[in-house]
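When a residue number appears, it is its place in the shown sequence, counting from 1.
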Amino acid sequence: MGMRLKNLIVLLPLIFLFLFFYFPLISILKEGLWNNGITLKYILRVISNNYHRRIIFFTFWQALASTLFTLLLGLPGAYIFAKYDFPGKGILKALLTVPFVMPSIMVALGFIILFGRSGILAHLIGRDLGILYSWKAIILAHVFYNFPVVVRMVSSLWQRINPHYEEAALSLGARGFTLFRKVTLPMLMPAIFASSMLTFVFCFLSFSIPLILGGYQYATIEVDIFTAIMTLLDFKTGAALAIIQISLSFIFMYLYLKSLDLYVKAEEQRIFKEPVPLTLRELLSVNGVFIAAYSAMVFIFILSPLMAVVYHSFTYGGGFTLEWYRRVFSPEYNPIFGANSITAIRNSLFFGFSTVLISTLLALSIAYIMYRWEFKGKNLFDALVMLPLASSAITLGLGYIRAFHKPPLNLLGTWYLIVFAHTIIAYPFVLRAISTVLKKIKPSLKEAAMSLGANELEAFLKVELPLAFGGIVVGAIFAFAMSIAELGATYMIYKPEYTTITIAIYRFLGSRQFGPASAMSVILMVVSTIAFILIERTGEEIW
C-alpha cells in the first residue's frame, strides 16, 4: 500500500472527527470559558448555584444507585448463565439483547403506561404505586437497560475461570460463600468493575429516561443543559454545564477503558468451562426453583414495558381499535410536530442507513489503523479517535448549534448534519464491534496472502475483510438501531421537515397523545426487533 494512500486513510477519519466532534467541542469550551479573555466565571456561577449543584449531585447519585441495582439484578443472572444449561436458556439469552436495541423513549412510554396514575398496574391493584415521575422510575428504567451488560460480561469471564483454583480451595476446606468470596470473586472483579463502569457512564449520560420519567424535579446534567439551551436560550450556562459534564464523563470513560483492558486480559484465559446441564431432579431442587424464578422475573421485567406499549396501541376506551395506526399511516394526518408521520418514518430510515454507511467506513478504517499499523504518535491517534465515546448527545447538539450556525459552515438545519451527529454517536460502538473481530484474526493470514503476491490492500479486502464480516454486520446494525433511537442531538438541530420517529413520539408524549405515541413506538419496536434478531443470530459481542 502506497504511502500516499496510507496517509489518506489516516487523515480522512481525523478530518471528519475534527470537523464534527472536536470543532463543536472547542466551540463549547469557547462559549463557557471566554468573555473578552479566558474566564471561569460561568462555571463558578453554575457550581455556586444551589439548583445546578443539586442537579449535579443527583446525576451522580442516580447513576451510582442505578449501577448498584443493576449489579444486584445482573450478578445472579451471570452465575446462572455461566454455571448451568437448562431448557429455555437460548431464548432467555436472546431476550437479554432486547434492551440494547430498544429506543429509550419507547421504553419510557412503556413505563408511563405501566406505572402511571391511570396505568395498567394502577388499575390492577386499585392505587397508584408512586413510581412514575420520580427517582424510582429513572433507576428502574436504567436497570432495564443495563443489567444485560452485567450478565453478559460477568458470565463470559465466569466461564473462563480456571476450575483448578476452586478445586485447590475446596481441598483446603473452603466451602460455599467463603469459596466465592476468597477465590471466585477476586477473579471476577475485572468483569464486575468493567460492567459497573460502563453502566455508570450510560446512566450518567442518560437523557430521554430522566427527561420523560423524572421530569424537571429529578433532572440530570443532560436535562439541565437541554433546558438551558432549548427553553431558556442561556448558552453560557448550558456551555458551562456541558464543560463540567465533559470533564467528568472523560474521567469516567478513562476508568472504563482501563477496566476494559483488565477485563480483556482476564477473558483471554484459554480454559472454557462448559455449563452443567440441569437434570429433572435438579430442576425441582432449590437451584432449579431459583433459576425458574429468575427467568420468569427477567421475562416479565423486559417484556412488560414493551407489551404495554403494544397493548395500548390497539385499544381505546377498553376496546380494540386500529385508529391510532390509521392516523399514523394517513398522509393527511398532520400532528403537532410539523410533518406527517409517514415523513417521520421515512426520515428515520434514511438517517439510519446513512449513519450505517458513514460510521462503518469510519470505524473500519480506524480499526485497521489501530490494529494493523505501527507508526509514530499511534497512542495519541488512539486517544483522539476514542474520545467521542465519552461525549453525550446533548453536548454534541449544543456544540453543533454553536459551531455551525454561521458562514462558512452554516450547516444547522440540514439533513446531513443530523447524519453526521448520528455517526459521531454511533461509530464508537461500530469501532468496538469491528475491533473485537479484527483482533481475533491472526496477522499471519495477511502475511501469507502478501507472500503469494497480494499487496496490503488486496490482502485486507480478500482475506481479513471477509473474516471480519460478522463484526462489521453487528456494528452496522448497532449503528442503525442507535440512529433511529436518537433523540437529544436530533431534537436540538433539526427542522420540522426532518422530524424523526423519536421526535414524533416525544411530541406526542408532550401533548399527552399516548395512542399515536404507542402506534409510532410499535413501528419503532418492529424495526428494532429486526435489528435485535440479526445481532443475536450473528452472535458477536461488542462489550
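Annotation: Tyr316, atom OH; neighbour count of heavy atoms from other residues, nucleotides and ligands within 6.0 Å does not exceed 12. Taking a 6.0 Å sphere around CZ of Phe320, one finds it holds more than 12 heavy atoms contributed by other residues, nucleotides or ligands. By the 6.0 Å contact criterion, OH on Tyr254 is open, its count of non-hydrogen atoms from other residues, nucleotides or ligands being 12 or less. In this structure, Phe69 places its CZ atom where only 12 or fewer heavy-atom neighbours from other residues, nucleotides or ligands lie under 6.0 Å away.
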Original post:
Given the rule in the ring pair (Phe, Tyr, Trp, His ring centres under 6.0 Å) test, do Tyr133 and Tyr218 qualify, once you have shown the distances and angles that lead to the verdict?
Top reply: CA-CA 8 Å; Tyr133 307 123; Tyr218 295 99; over 10 Å; no
Original post:
Yes or no on side chain to side chain contact (heavy atoms under 4.5 Å, CB included) for Ser195 and Val154, after CA distance, side-chain angles and deciding distance?
Top reply: CA-CA 8 Å; Ser195 60; Val154 177; 4.0 Å; yes
**OP:** Start with the C-alpha gap between Phe226 and Phe207, add the side-chain angles, then the distance that decides, and say whether ring pair (Phe, Tyr, Trp, His ring centres under 6.0 Å) holds.
**Re:** CA-CA 9 Å; Phe226 179 79; Phe207 171 65; 5.1 Å; yes
Subject >> Derivation and outcome, side chain to side chain contact (heavy atoms under 4.5 Å, CB included), residues Ile192 and Leu75 >> reply: CA-CA 9 Å; Ile192 293 173; Leu75 289 178; 4.1 Å; yes
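At a cut-off of 3.5 Å, with distance as the only test, a side-chain donor of His422 or Thr490 sits close to an acceptor on the other residue. Residues Ser392 and Thr395 have side chains that bring a donor and an acceptor to within less than 3.5 angstrom of each other. Remark: the His142 side chain and the Thr70 side chain contain no N/O donor-acceptor pair separated by less than 3.5 Å.
Minimum heavy-atom separation, Ser348 to Ile484: O-CG2, 3.6 Å. Contact record, Trp135 with Trp61: CE3-CH2, 3.6 Å, taken as the closest heavy-atom pair. Closest approach of Ala191 and Leu157 over heavy atoms only: CB-CD2, 3.5 Å.
Distance alone, capped at 3.5 Å, is enough to place a donor-acceptor pair between the Glu486 side chain and the Ala489 backbone. Looking only at distances, a side-chain donor or acceptor of Gln62 sits under 3.5 Å from a matching main-chain atom of Cys203. A donor-acceptor pair under 3.5 Å is formed between the side chain of Ser304 and the backbone N or O of Ile300. Using modelled atom types, no side-chain atom of Asp224 and backbone atom of Thr220 make a donor-acceptor pair closer than 3.5 Å. A donor-acceptor pair under 3.5 Å is formed between the side chain of Ser249 and the backbone N or O of Ile246. Between the side chain of Thr59 and the backbone N or O of Ile221, at least one donor-acceptor pair lies under 3.5 Å. Proximity of a side-chain donor or acceptor of Asn347 to a complementary backbone N or O of Thr499 within less than 3.5 Å is detected. The backbone N or O of Pro388 sits less than 3.5 Å from a side-chain atom of Ser391, completing a donor-acceptor pair. A donor-acceptor pair is defined here as one N or O able to donate and one able to accept, closer than 3.5 Å; no such pair exists between the side chain of Ser156 and the backbone of Met153. When atom types are taken as modelled, the side chain of Ser259 and the backbone of Tyr256 share a donor-acceptor pair closer than 3.5 angstrom.
For Tyr145 and Phe202, the gap between ring centers reaches or exceeds 6.0 Å. Centroid-to-centroid, the aromatic rings of Phe314 and Trp324 stay 6.0 Å apart or farther. Taking the six-membered ring wherever Trp is involved, the centroid distance between the rings of Phe204 and Phe252 falls below 6.0 Å.
By the 30° and 60° cut-offs, the orientation of the rings of Phe144 relative to Phe111 is perpendicular. Using cut-offs of 30° and 60° for the angle between ring planes, the Phe147 and Phe301 rings count as tilted. The aromatic rings of Tyr84 and Tyr79 sit perpendicular to each other, their planes meeting at more than 60°, with 30° as the lower class boundary. The aromatic rings of Phe290 and Tyr294 lie tilted to each other, with the angle between the two planes from 30° to 60°.
Screening Leu109, Ile501, Thr502, Val526 for a side-chain contact (heavy atoms from CB on, under 4.5 Å) involving Ser521 leaves a single residue, Leu109.
In this structure, the separation between CD1 on Ile394 and CE on Met230 is 8.5 Å, given to the nearest 0.5 Å. Rounding to the nearest 0.5 Å gives a distance of 10.5 Å between CZ of Phe200 and CZ of Phe193.
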